[in-house]
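Read through the structure below, which is laid out as structure tokens, and then see the notes.
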Amino acid sequence: MPASVLSRKSGSPASAAKPKKIGKMVYFFGGGKAEGDESMKNLLGGKGANLAEMAGHGALRLPVPPGFTITTEVCTYYWQNRRSYPKGLRDLVDNNLRRVEKLTGKVFGDAKNPLLVSVRSGARKSMPGMMETILNVGLTEKTIPGMVEQTKNERFVYDAYRRLIMMYSDVVMEKAAGIEPAEGMGIRKQLEGIMDEVKERMGYKSDTDLTAQDLKVICSRFKDKVLETFGKPFPDEPLAQLWGSIGAVFASWMGKRAISYRRIEGIPEEWGTAVNVQSMVFGNMGEDSATGVGFTRNPGTGDNHFYGEYLVNAQGEDVVAGIRTPAPINEDSRSEQSKHLQSLQQIMPETYEQLFDIRNRLEKHYRDMLDIEFTIERGTLYMLQCRVGKRNGPSAVRIALDMLQEKLIKKEEAVARVTPAQLDELLHPIVDPKAEAATKPIAKGLPAGPGGAKGMIVFTAQDAVNWAKQGKKVILVREETNPEDVEGMRAAQAILTARGGMTSHAALVARGWGKCCVVGCGALEIDVHQKTVSGAGEILREGDWLTLNGSKGLVYKGELPMRDADEGNKELSEFLKVCNAVRKLGVRANADTPEDAARARRFGAEGIGLFRIEHMFYGKGSEAPLFKLRKMIVSKTLEERRRALDELFPHMKADIKATLKAMHDLPVTIRTIDPPLHEFVPHEAEKLKELAQSLNIGLDELEKRAANLRESNPMMGHRGVRLGITYPEVTEMQARAIFESAAELQKEGIKSLPEIMIPVVCNEAELKHQFELVAKVHREVTRAMRVKAIPHLVGTMIEIPRACLVACKLAEVAQFFSFGTNDLTQMGFGFSRDDTGAFMGDYIEKKILAADPFQTIDQQGIGQLIEMGVQRGRKARKDLKIGICGEHGGEPASVEFCHRTGFTYVSCSPFRVPIAILAAAQAATKGKKK
Ligand code: ADP
Ligand code: MG
Ligand code: MG
């Protein structure tokens with residue numbers, strides 16, 4: 001966004017180059033207290049700040065296992081000082097470990113009563129799955145007997161140990177060390193292979209069948225494999241494990257996957273990540289233990305229902321990894337796949353009640369929908385994480401409206417809770433319901449990302465990127481996704497996975513982006529090597545088409561027709577009402593036909609900001625009028641032209657009248673004809689002949705006239721007001737069509753508010769000349785039709801830089817301005833609108849420009865012209881109406897600019913109207929905060 005680029009100049013984020021003095025490096029939490037809080041995300045990361053808030057805030061004091069957070073400043077120091085730690089950090093970590101030991105009654109590295117910890121990363125903004133977490137740190141051959149003694153559960157202890165060896169070797173010894181093994185040869189895969197081998201030999205189905213003895217053997221084989229692979233042993237020493245893990249978290253900040261995710265999300269490198277060291281609690285101590293994840297409300301629909309999944313006798317990642325199908329925490333969370341499973345509410349009603357109470361307190365405290373992680377150790381509930389939950393567009397709108405009604409938030413906050421991109425999702429295409437009803441899906445999964453999409457099947461993220469570059473629409477089909485896939489997920493139209501639940505990686509990422517996604521499609525068999533996906537007796541190959549319904553989780557073979565978003569969405573219109581109550585800026589639509597005008601009105605437009613007369617000669621049914629327009633254009637004599645205009649008149653009047661009628665009681669800005677002449681001269685011989693005949697001239701004469709119309713720079717040629725100056729009768733005819741339409745409507749009892757706009761103006765004499773013509777026609781029409789004055793305004797489009805400079809003079813004549821920012825950008829930059837393709841990509845890539853100025857207003861440069869135009873215009877005429885009708889009118893940053901600059905309204909394409917309404921409301925609330 002250019003706005004943020006601009007604001008950077010005025011200087012907030014510290015430059016990465018200058019080493020800052022480091023402050024307090026470690027923050028403790030636990031025992032009902034915390035040194036940090038939720039507001040300290042920059043320093044403690046999201047996870048650390050929220051752990052502190054949950055543990056220490058007076059209104060919460062939730063059961064959070066004690067621990068401490070090493071700040072993001074330490075991460076920055078680490079990278080600026082050749083991967084070393086600031087002085088004193090080791091002592092601080094030791095001291096804080098002692099505090100954790102005191103609270104838990106356990107001792108890190110103790111043979112009798114050992115404390116185990118998790119080492120968790122956490123950046124300012126959540127980066128799902130990007131950074132690695134290591135559990136059970138502190139478990140060694142020396143501490144194992146103590147753990148067994150304490151838990152009386154040898155199997156559990158060895159299970160925890162094999163997990164530690166797996167995670168540690170994968171995250172610390174391989175990834176953080178920058179080792180990139182061949183596909184399928186990573187240490188984790190190899191260790192999994194050992195485990196599978198044992199399971200197979202013993203005839204076990206599930207991991208839970210493994211006995212303590214089996215696990216002992218596995219751990220010992222794991223260690224051999226680690227030594228063989230890396231040439232060094234798995235560190236069987238608690239402090240070595242702890243510091244290895246801390247270093248790996250910092251190292252992962254500069255890992256390939258993290259860098260790639262940051263680039264997509266625009267997260268600056270200098271933020272760094274924090275490290276959380278936290279005492280372990282165990283969800284895998286037996287049938288009275290469990291681990292789970294949840295959302296305080298349903299993130300897929302926005303329903304005000306506690307929603308979550310859990311697994312009995314499981315640890316950490318098990319729920320999200322898709323190893324076993326997670327069970328629902330309550331009835332509201334049941335899905336097709338989990339309908340036969342017992343809910344947490346059923347098997348541990350008291351603990352569920354406690355969790356539900358925490359859910360309520362958290363929502364009240366944070367006043368937003370949260371994403372939570374919890375673990376139950378032998379019946380005792382612990383909270384391990386909370387953060388504001390990602391949600392899709394429809395649920396964002398729903399949650400904002402509900403929380404407003406529940407009086408949890410105010411209107412301004414409700415408006416701020418939905419991003420323009422999320423609102424856009426509601427306006428997204430869906431699979432045509434009729435076609436869907438007639439087609440049998442080949443598979444059903446979980447609805448993880450909204451809307452519909454179709455594309456060709458690809459099986460790797462790399463293929464998705466490559467095919468998309470060739471302009472192909474693809475659907476990325478994976479067993480499950482992981483952070484290495486993000487670029488491919490980005491490039492794909494949609495994502496389909498065979499495994500994983502609503503909280504799997506694919507679901508989280510897709511929901512964040514509002515991308516169509518179906519996960520957990522267990523019925524599909526994916527063979528990445530053969531590049532096939534099969535289900536319901538069908539075998540599909542790479543390049544075959546698929547259609548997904550991400551809102552229902554359905555997968556169809558082939559290409560189904562799509563339908564535009566639902567215009568009549570009730571929640572959308574309710575939400576827009578809230579926006580309307582907050583915003584100051586008006587929102588109109590650009591519409592060129594009566595149909596477009598009607599649609600714009602349905603979308604909430606408060607008028608038409610741009611009705612381009614010449615566009616009625618494009619679309620369907622324009623054959624006849626177009627022919628007459630061409631005739632007018634190639635006319636040579638006044639008489640010829642008058643005749644052509646007379647023929648054209650009824651067509652033009654009919655369209656104008658229908659549009660004014662559709663927009664009754666609302667203003668309609670009608671721009672006088674501004675045709676690029678050369679585009680209107682026919683090229684086909686057949687058409688030329690017809691035209692010559694109808695003008696009663698020879699073909700050679702017609703060709704001569706057409707050649708005369710050719711311009712070497714048509715964008716700056718004989719167009720707009722210039723046509724009206726050379727051919728006053730053209731302006732007159734248009735004014736007549738407008739006034740007669742309005743007069744007839746007046747007689748029918750319909751109020752119309754035409755605003756006649758003269759384009760391509762650069763000097764006030766042009767305007768005066770045209771206004772006199774309009775005034776003359778107005779007098780003639782009112783007299784002839786015996787009506788009183790027809791309410792109307794006459795104004796001008798501001799699209800030439802000179803017009804901004806002389807806005808003062810122009811406003812003495814014009815009753816309104818409308819900024820034509822497309823041309824203003826073209827002429828302000830000297831970039832030909834139609835030819836930027838050759839260089840704009842490079843300009844953005846090489847950071848010559850922060851953004852394409854044709855997409856978002858260049859506030860620094862062109863913005864000055866606009867500001868000048870507004871100020872000078874209003875100096876001459878205090879109540880000057882000011883609008884914008886370029887493509888920028890529906891782009892959120894530009895809308896905010898217009899709000900700040902004092903515009904009366906913005907105008908954009910009908911489909912963007914809701915976005916503009918939201919952007920205008922958000923601009924108004926931002927203004928208030930300042
Ligand atoms: P992520 O940022 O990827 O969510 P987390 O740090 O939240 O990673 O940890 C991954 C998993 O490990 C989560 O399921 C979390 O609940 C679990 N976990 C983390 N710390 C502990 C702990 N101290 N005790 C038990 N489980 C933990
Ligand atoms: Mg987590
Ligand atoms: Mg123009």
Side-chain angles (χ1 to χ4, degrees), residues 29-30 44-51 54-55 63-70 97 100 103-104 106 108 115-139 156 159-160 163-164 166-167 170-171 175 242 245-246 248-249 252-253 255 257-258 261 273-285 289-295 308-311 313-323 326 355 370-378 380-390 482-483 500-501 503-505 507-509 512:
F29 58 84
L44 304 180
K47 200 178 286 166
N50 283 324
L51 279 170
M54 284 199 293
V64 174
F68 53 88
T69 305
I70 305 172
L97 257 181
V100 176
L103 280 172
T104 57
K106 299 174 184 171
F108 193 63
L115 168 72
L116 304 191
V117 296
S118 67
V119 177
R120 322 170 64 186
S121 66
R124 229 187 258 196
K125 236 171 104 178
S126 95
M127 294 166 63
M130 279 291 114
M131 318 292 275
E132 307 285 351
T133 292
I134 299 164
L135 304 178
N136 309 331
V137 169
L139 200 53
F156 154 75
D159 187 50
R163 288 172 194 262
L164 170 64
M166 249 178 166
M167 285 186 269
D170 175 36
V171 174
K175 293 211 176 85
L242 178 62
S245 304
I246 291 172
V249 171
S252 69
W253 179 251
R257 304 178 301 164
Y261 188 87
T273 180
V275 181
N276 302 286
V277 176
Q278 186 177 28
S279 50
M280 283 299 301
V281 288
F282 301 100
N284 51 341
M285 274 204 178
S289 301
T291 183
V293 295
F295 293 91
E309 298 164 334
Y310 81 104
L311 276 176
N313 199 8
Q315 188 174 51
E317 305 279 57
D318 293 0
V319 186
V320 286
I323 299 168
L355 184 63
L370 300 178
D371 170 343
I372 61 171
E373 289 177 9
F374 62 90
T375 281
I376 299 162
E377 178 181 311
R378 288 183 171 159
T380 306
L381 174 67
Y382 294 96
M383 296 305 294
L384 289 176
Q385 193 175 330
C386 82
R387 62 185 167 203
V388 168
K390 293 208 170 168
N482 64 49
T503 44
S504 65
H505 178 261
L508 280 177
V509 172

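Order of listing sets the numbers, starting from 1, for every ligand and every atom in it.
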Test side chain to side chain contact (heavy atoms under 4.5 Å, CB included) applied to Lys106 and Met280, step by step: CA-CA 11 Å; Lys106 299 174 184 171; Met280 283 299 301; over 6 Å; no

I would like to know whether Phe29 and Gln278 meet side chain to side chain contact (heavy atoms under 4.5 Å, CB included); could you show each step before the answer? CA-CA 9 Å; Phe29 58 84; Gln278 186 177 28; 3.8 Å; yes

Which is it for Phe282 and Asn136 under the side chain to side chain contact (heavy atoms under 4.5 Å, CB included) test, yes or no, and what are the steps along the way? CA-CA 9 Å; Phe282 301 100; Asn136 309 331; 3.4 Å; yes

Give the C-alpha distance, both sets of side-chain angles, the deciding distance and a yes or no for side chain to side chain contact (heavy atoms under 4.5 Å, CB included) between Phe108 and Leu242. CA-CA 10 Å; Phe108 193 63; Leu242 178 62; 4.1 Å; yes

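Checking Thr291, Val281, Ile372, Val277 against atom 24 (N) of ligand 1, the nearest heavy atom belongs to Val281. For atom 12 (O) of ligand 1, the choice among Val137, Leu135, Asn284 with the nearest heavy atom turns out to be Leu135.
With a 4.0 Å cut-off on non-hydrogen atoms, Glu373 touches ligand 1 through its side chain and not its backbone. With a heavy-atom cut-off of 4.0 Å, Lys47 touches ligand 1 through its side chain alone. When non-hydrogen atoms are compared, ligand 1 lies under 4.0 Å from neither the backbone nor the side chain of Pro65. Contact annotation for Gln385 and ligand 1: only side-chain heavy atoms (C-beta onward) come within less than 4.0 Å of the ligand.
Residues Gly122 and Lys47 share a closest heavy-atom pair of CA-CB, 4.3 Å.
Between Leu135 and Met167, some side-chain heavy-atom pair lies under the 4.5 Å cut-off. Leu97 places a side-chain heavy atom less than 4.5 Å from the side chain of Leu115.
Look at Gln385 and the Mg ion (ligand 2): an N/O/S atom of the residue is under 2.8 Å from the metal.
Of all the N, O or S atoms in Glu373, the one closest to the Mg ion (ligand 2) is OE2.
Any N or O atom pair closer than 3.5 Å counts here, and Ser121 shares no such pair with ligand 1. The distance criterion of under 3.5 Å between nitrogen or oxygen atoms is not met by Thr375 with respect to ligand 1.
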